[in-house]
Structure formats: structure tokens, C-alpha cells
Amino acid sequence: MSVLRTLLASLLVLAAGVTALSASTDGFRAFTSETARRVAVREHPRDLPPVLLQTAQGRTVDLASLRGRWLLVDFIYTRCLTYCSVQGNEFARLQDRLAGPIADGKVLLLSISFDPTHDGPVQLADYQSRSKDRGAGWIAARPTDTAGLEALMRGFGVTAISDGLGGYVHNAAINVVDPRGRLVAIADWDSPQEAEQVVLRGLAR
Amino acid sequence: MTRLQTVVRWAGPILWLTLALPPVRHALESTLTLQMLVQIPLLALVGWWLRPFLPDRAVKVLNAWNRGGISGLLLASFAAMIWMLPRTMDSALNVPWVELAKFTSVPVLLGLPLAVSWPRAGFVVRGVFLVEATATAFRLGWLYLVSPQRLCSNYLLGDQQLAGNALLAIGAAMSLLLAWKLMWGHVDVDGSHRRSHA
Amino acid sequence: MILQNIVWTIALVGMGLIALGFIYVISQAGRTVDEAASIESARTSGVLRKWLFAALLVIFVAGSWATLRRFPIPPQNRALDAGQVVDVVASQWFWQVTPPSVRSGSTVEFRVTSTDVNHGLAIYSPEGHILIQTQAMPGYTNKLLYTFDQPGVYTLQCLEFCGVGHGPMKTTLRVVAAIAE
Amino acid sequence: MASLTMYPDDERLAGGERIAFNLYIVTAVALFVLMMLLGLTMRMTQAKWLTVQSPLFYQLLSMHGAGMVGTMALVTTAVMWFFLRKYVQLHLWAFVANYVLFMLGALCIIASIFVGRYGALWTFLYPLPVRGFGLWTSNTSALFMVGYLLIGVGSLLFYLDAAAGIIKVHGNLGRALGLQWLFGGKIDPDHPKAVVASTQVIISNSLGILAGAVVLVMSLVNIFFPTVVLNALLAKNLIYWFGHQYINATIYMGVIAVYELLPRYTGKPYPISRPFLWSWAASTLFVIVVYPHHLLMDFAQPRWLAVIGQMVSWGAGFPVFLVTVFGALTNLHRSGIRWTMPSRLLILSMFGWAAGIVPAILDGTIRNNLVMHNTQWVPGHFHFYLLLGVLAMAMALMYHVIGSRVSAPPNSSADKLGFPLYLAGGLIFTYAFLDAGRLSVPRRMAEHLDSWTFTDKVGSIGAILVVLAMLYFAIRISAGLLKQPSAGAAGVSTADAAG
């Protein structure tokens, strides 16, 4: 009798266990929180918070006011010597590849610093020129206050942690925001083609 | 009940509360290695020590559904699997309800079932469980070492690799220990049946 | 005599000796003996086993020394200083060999790797027997040394199963006569 | 002398045991015939007597490899179970669970090969399973690997149950191996050889299965998450460590039949001795550490591993030649043996193992491996000791058992024809492989040059003879097993079989 009961209990545990595993991995797709973030954004686009940003030119812009065009957003800090610098180059290259839509005012690139205490307009402008900014359609900016920074980090799901050497390690990526102001896709930071595809597909619709 | 016995009986809840204290919690979650190989195992230990709080009648009922400890060990295995995922360990730091889930489910669904089931498990069931656990340590360690990117947004790559090496070391230690015990040690094959009190 | 024939001869002799031992014992198996003879034959068997052990031990030690004294695989972690270097890259299912020809008479270092799965590089003589080989592995470069004595067209054949195009995965290596200096 | 009783009572198969044993054996002999037919098809394709397209050829090769290794393991597990259960308590459920999991695993493997067109061979050498070039998908490879995992779990259950039984009687595995008598002390003359051999298998193959469980799951992770790239050399090491121990365990399980049965047929006791214990202790260590001889051509391996591979390969000859084969021949010498099928097969198996190890040792030598590795020399040597060695061991037990079921000894005139057919076919078949190795013919290749087809043709002829003999054996053994045991059971059949 206890054999049958145990068998039944084990089958129930098995079913519940597989269900729980599946639930906690979005159906065995997301085993890391970064993948989970991407799956979640793809399936449920997320509205962005209204946050005030100060650009490299010193102007103040509301993130919400940038609606009406496609935004490619990445997060940086300008002291970064490793891949953030490459991120900048990738953005400059995207300026070339998306030159047409940028000229039409349909696409805008936006680099946001999560290290606003250090990254003022000067540092941001320097970052852009170091990255060979083509001069059109790319804004580098920083949030104007801590609350804004937190709202941004939460809204985009960005985690930056200290690397123990005075710098940061963060889940770098290219975030795609549609004209309605919703985060709709997240692409690897080193595969701008992927982000570009999403934008071009969106523009073609 | 002597004082010592009282302390022993309450060791589980005391450890539970200690682990939940914010400074302890932050310290043990400051690196992946600490969370995975110290905090979660200690939470499982809490569950093991909660065993005396189960009423005898409940244990009796459970035992009827837990021949050879199989269903209990299966439950513990699934709980362990879920808390081995980089995603869950990562989210526990950012999402309060995940952290709460960890603090409750690891003791209740991992440690406690182990405590209830292990003494009932025979040689074969224990063997399968231990071989699988050893293999899992090797697999996870290997995985953490070869993953090209960080598996947890909250932890550094170096930390992840430290955890990987630690897991490989744990796997190796478990294999050697098991091999040694089986080859030269004393193994009480029938002990499980004799100790399987209600 | 090429190595393959030496190995074949040793194998035939070894297997033949074992067969002879079996045939001898089987030919004796039908006979039964009395207690005394049985004890005597047990004693003989014990002595024989000691001799067999000694013989095997001598073969083991001498053979190991002879075959390992000069280690047959070149060191992999330092420069080999061979006169010629050929890079060999294996992919499903073709070889990239640069340069495609070498000179005879001086040592060639083959640097062998793979871009995808495990392959095996075997160098076949123009007569069609394997001269030497190594594995081509993704992520590793195996260094092989060989000196061609004769000019001619040698074949490089894949020798590790690598998918359906494994058999036809071969190319040629030209060995030209060394220029007299 | 209890051990010389032809059919002792404690070996009788009662009720469920008989059904389980018959299931194992009938399944195994049927699978052997089928897998041999696949082998023959491939050999005839190489001989250009048949046309099989390359994709199908490699599917057949994958099936033949996985199928033969699995079936060898299945049938020798039955040998181990048959004898070990006399000395320690084994649970029938573990024996049956192994069978059920084996069959489930086999189904996965068959489906992945014949439905999914998997063709990355039984070694699933990383990363070939995920690079099928459209012939097979990664999911197909995953199914194949799940099949292995199921079979591995089955073996593990059986070994753990056996380990429990052995430890209960002997305290621990070290004492079961007889390590306490290596350097002195009076050896218990009743210490069963079957326990010693089984213990060795449990130790080494559990390690092998552990390695397999790690590398299989990691390969699965790579299949579903291609960004997780494994180290190809590490994966290869683990695969060969697992594969080597898994196939070698079949020899060590099978040889139990020789230890148990040979003395009954020669009528001479076959006592346990210190050299015997030394040989098994050494074998236990050797089989665990010898696997690098499969990676001698991976120059990236540390040199010391290659040296271990060669020296231990050579050293492995000592226990085999000096103790088991020499002991068997001593037992046979002037014993007045009556030649029936079991006794013939037992002696053949000793010859197959001993002679087959010669080309193995030669190939395990680094210098020779440089020209022999991955030629047909390799299948030459392992077919030698699997076909003429291990399979003969297992069939000796099968014939022995059916000897108790019918009223005549297992020695019909058809048997008298079948045995030499098998032996001659086996020798022709294996020597054709070895000679092809001498001629540098690669193994595992569908397309053969015209200059290679001579040995292919000779090998095919040998294979045809083997298949014919095996087909006869399979029918004969299955029919014999399905007969009811003779009415008088043990006592009566003793006289029959000895007569």
C-alpha cells in the first residue's frame, strides 16, 4: 500500500517540481535574471518612467518627451576602460548604419550614465568624441537626481555593481524603445545588428 | 527537558532568525559563493533542525507516503534544483518576495524533507541521491567556469568562477569520501530500516 | 620494414604463442591423471607461472624503456625549431594546408587544429600506408614533426569520424626534392 | 565438493527470477543477431557488395556501436546477477529495474537513430552531436543522450543493490576485493571469486557512470544553450573514461562465468589464491587509470597521461595472462574434461580474451599508435575479445542453463557444427580487420578505396559465418530457455549435463 502511495506522492512531487522549475525559468528559457529580463520585455513591453536627463550639451530633456521615434538606449559610465568604450564605438557605427532613419527623425540613440556624480556634460561629451561620434542622432546624458537614476535602473532592469577596483560591472545591453515609449526588446551590447533589425522591422510596419 | 536539550531543540529557529538578520543576510549574500555554498546550505540545516517540531502524527502520515524516503528526497531535489539556478539566487537580492520564498522554501521544502526522509532511505536510494548530488556539483562547477558571461547580474565573474572551483572541489571531496567509506570504512547497510521509527 | 608490418608480425607471433599454449593444454585435457601426478602438475604450473611472470616483467621493462626513452610525441609547449612549418586547419569537411608543399630531407612541423569538431590528420605515403598522425581538435593546436625522405604526392586523410563527409575529407601534400645548396 | 555440483540448488531460477533471466537473455541474443546484421551490412558496403549511402552507413554504425556495447553490458549483467545472488542478497526489483531502464534507453536511442537520423556514433564525441549539418538535429542528439542516461541509471541501480548486498556480507568493498589478504594472512578458501570480480566492476563502473552522467548532462546543456562552450579535450577525456570502463566492465562481469563454471566441467577445484587477489586489485586500479590510451593522439594532453596510458595498457596484460588465463589452463590441464558447448565456449572465451589483448597492447604503445590509431586495427582487437571472449563467456552460461532444461546435454550435432562455424568465422572476421589495420585502412569510414576492398571482402565472409552461427545459437538458446526446467530439477539434470 505504501508503495502505491509513495509512487503517487512521487509523481505529484515530480509534476509539481517540473511545474515550479518551469515557472521559475519562464518555461525552461531563462535560467539567468538577464535572460529573464529580456524574455519579460519581449513578451510584455514596459512603459518607461518620466525622468529628467541632462545631456552632454547641458540641455535638460525629459525621457518621456523623446517619444514618437525609436530609441536605442544603453547604459554606461565614462571612466570605464573595458567594454563601455567599445559600446560607444558600436553606437557610433549604428549612427552610420541607421543614418537614413536618423536623418528622418525616426531613430535616436541615447547613452545614459549610471554614474552621474562623476559624469557631467564635459565627461559625456568627451566620451562621445572618443567614440568617434558622427555628430547626429546620438545623445549622451545623465539623470539629474538620484530618484531619477533609481527609476531608470529599475525601469530598464539595469544592475551595476562595484568591480572592487573603483569601477562598475553591469549588465550591458542595447535597449530598444518603441515610439510609444515602451521598452520592447533588449539585445546583446556587442550585437548592434540585432537591435538594428528590431528597429528596421518596426519602421517597416 | 534539560537546558541543553532545549537549546538543541530551538537551534533551528535560532539559526533561522540569525540568518534573517539584515547584516548577516547582506554578508552572506555579498558573494555568489557565500550565498550558494554557505547561506542556502545553512537554511537547509535550519530545516533539518526543524524536524523535532513536526508532530509525531504528522510524521506517521508522511511516512505512509514516503516509503524509503523516495518522495521526500525527490521533493528536496527539486527544491535544491530551483535554488541552484543563477536566476533565483540573483533575484533573491532584488525582489523581496523571492528572498522570502528562499528563506521559507529552503528550510521547509529542502531541509525538512531531507531530515524526514534520509533516515528512511536505504542504501540504494541514498546511493542514487549521493551520486546525483556529486555529479551535479561537478556539472554546476563546470558550467560556472565555462559560462562566457556572468550568470548573475549581482555578482562578479571572478566570484562566479570561485563558486565554480569550489563546486568542483566539493564534488571531488564527495567522491573521495564516498569511495573511501565504501572501500575501507564501515557502512551500515541495514541501519536505515532499524532506525526508521515513526 | 614499415612499422605496421613489425607490429603485425609481433601480434601474429604473440597470438600464435598463446594459441600454441591453448592447443597444447587442450590436447592434454582429455587425459586424467592420478593424485600424485596432479600434485606434480600443479607444482609445474606454479614454476611455469613464475617464469612467465619473469618473462613478462622483462618484456615490460625493456619494452617500456625502448619505446618511451625517446618520447615519440614532440613537446607541445615550446618552439620546435623545425626548418619548415605547415599550418593545417581542419573543418567539416575540408583541409586548409599552408603551404601546400614542403621539401624532403628536412624536418617539417605541422601545426594542426580544427575549426569545428574533432578531426584526425593522417599522412599517407604515396604507397598508401600511414606515416604518422595526430588529432585535430577545436581549441587546441597539436604539433607534429615529420621528415619526408622521398619526394612525391602524399595524402592527408581525416582519421577521426567527423560526420557524413568524413571519408572524402582528404587532400594532398606535395613533397619536392630539397634544393642542393 | 559443493562447488563442483553441476547445477547447485542455490543457482536454481525460481518464478520471477526465471522470467527476468529469460527476458535478459532472449532480448540479448536477439539484439546480438540484429546488431551483427548491421555490422555485416557495413562490412559488405565497404567491400562494395552492397550500396548503402553514407548517412545511413553512419546511422548503422551508431546503432551497431551503441547497441553492441549496451547489449554486452546487458548480458554480462545477467551473468553477474546469476552467480552473485548465491553469495549475497540481491533484490529482483533492481535486476528488473535495470532491464526496464535499459529497454527505455534503447527505445530512445533507436528512435534518435532511425527516426531522427542521429549519426554521431556511440561516442557522442563533443561537439559532433550538435553539428549534424542538417542530417540530424540537436534535439535528436539530446534524445540519444537521454537514452544513455536512462541506461546509466539502470546500471547504477543494479550496482548499488549489489554493493549493498556485498557490503552486508563483507563489511566493505575493500574486504570484498580481498585487499586484507594481499600481504599475508590466511585467505578464506570460500571467498567467492564472483564477489571479487563483481566488486571490481561496481567500483570502476560506478566511477565511469558518474563521469558519463557529468559529460552527458553538460553536452545536453550545450545543446540547449549553445553559448556554453565546453572544452573539447576535457569532454573527450570524460567520454573515454566512461566508455572505457563501461565496455571493460562487460569482460569482468562475463569472466565470472569462467570462474564459476569451468571447475564444474573440468571436475577440478579452482581455488582462490593470493595472485588471484593481487590480479583483481591491480585490474581495479588499471581499468580506472588506463583510459588515456584512447587519447594518445591528442598531443595537447599532458605527457604523463600518455605515459600512464601506455604503461598501464602493458601492465593490464599481467593479471589477464598470469592469473585468469593461466589459471584456467591449469584447471583444464589433464582434467579429463568432456567437451560440451559450455566447456568449449569457456575455453574459447579465455583464448579470445588472451589473444585479443595482444593487438590491444601493441596499439596501446604510443609509437605504434602513431600509425595504428583509428585504423581497422582497433575494431580488430576489440572484436577479437568481445566476440571470441566476452560473448563466449555469456553464451557458456546460457548453454549451461539450458543444459538443465532439456533432457540431453547441450551438445547436439547442430551445436557441433555451430561452434566451429562461429570460431572460424570469428577468426576470419577479426584477422581481416587486423590485416586492414596493417594496411592503414581507416576505421569508421563508409567509402573505401578499391585497394582496401580485399580485406573488406574477407571480413564480410567471416562475418557471414558468424551471423549464421549466432542466428543458430540465438534460436537454440531462446528455445532452450523457454522450455520448462526438467521435472527432477537440480539433481537429475546434473547427471544429464555431466553425461
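Just the heavy atoms: all of them, side chains too, but no hydrogens, waters or symmetry mates, feed the values below. Letters go in sequence order (proteins before strands), and every chain restarts at 1. Every value quoted in this text rests on a predicted model; they were computed, and no experiment measured them.
Proximity to chain B is limited to the side chain of A:Leu8, based on heavy atoms less than 4.5 angstrom apart. Only the backbone of A:Ser162 comes within less than 4.5 Å of a heavy atom in chain B; its side chain stays farther off. Neither the backbone nor the side chain of B:Asp159 has a heavy atom closer than 4.5 Å to any heavy atom of chain A. Both the backbone and the side chain of A:Val18 come within less than 4.5 Å of a heavy atom of chain B.
Residues passing the salt bridge (Lys or Arg N to Asp or Glu O under 4.0 Å) test with A:Asp126 are A:Arg130, sequence neighbours excluded. B:Trp65 meets the ring-ring contact (aromatic ring centres under 6.0 Å, His included) test with no other residue; sequence neighbours excluded.
The distance from the OG1 atom of A:Thr19 to the CZ atom of B:Phe78 is 9.0 Å, given to the nearest 0.5 Å. Rounding to the nearest 0.5 Å places CZ of B:Arg67 at 12.0 Å from OG of A:Ser10. Taken from OG1 in A:Thr159 to CG in B:Asp90, the straight-line distance is 7.0 Å, to the nearest 0.5 Å.
Within the 4.5 Å cutoff, the side chain of A:Ile161 has heavy atoms near those of the B:Leu156 side chain. Between A:Thr32 and B:Gln149 there is no side-chain heavy-atom pair separated by less than 4.5 Å. You'll find the side chain of A:Val169 stays beyond 4.5 Å of the side chain of B:Leu157, heavy atoms only.
For the residue pair A:Asp26 and B:Arg87, the shortest heavy atom distance occurs at OD2-NH1, 3.2 Å. For B:Asn66 against A:Thr6, the heavy-atom pair with the smallest separation is N-OG1, 3.5 Å.
For the set B:Asn94, B:Thr88, B:Ile82, the entry with the most heavy-atom pairs within less than 4.5 Å of chain A is B:Ile82. Most heavy-atom pairs under 4.5 Å with chain A: of the set B:Ala64, B:Ser77, B:Gly68, B:Gly158, this distinction falls to B:Ala64. Interface remark: of the candidates A:Ala36, A:Ser24, A:Ala30, A:Ala16, A:Ser24 forms the most heavy-atom pairs closer than 4.5 Å to chain B.
Other residues, nucleotides and ligands contribute more than 12 heavy atoms inside 6.0 Å of the CZ atom of A:Arg97. For B:Trp10, the CH2 atom sits in a loose shell: 12 or fewer heavy atoms of surrounding residues, nucleotides or ligands are nearer than 6.0 Å.
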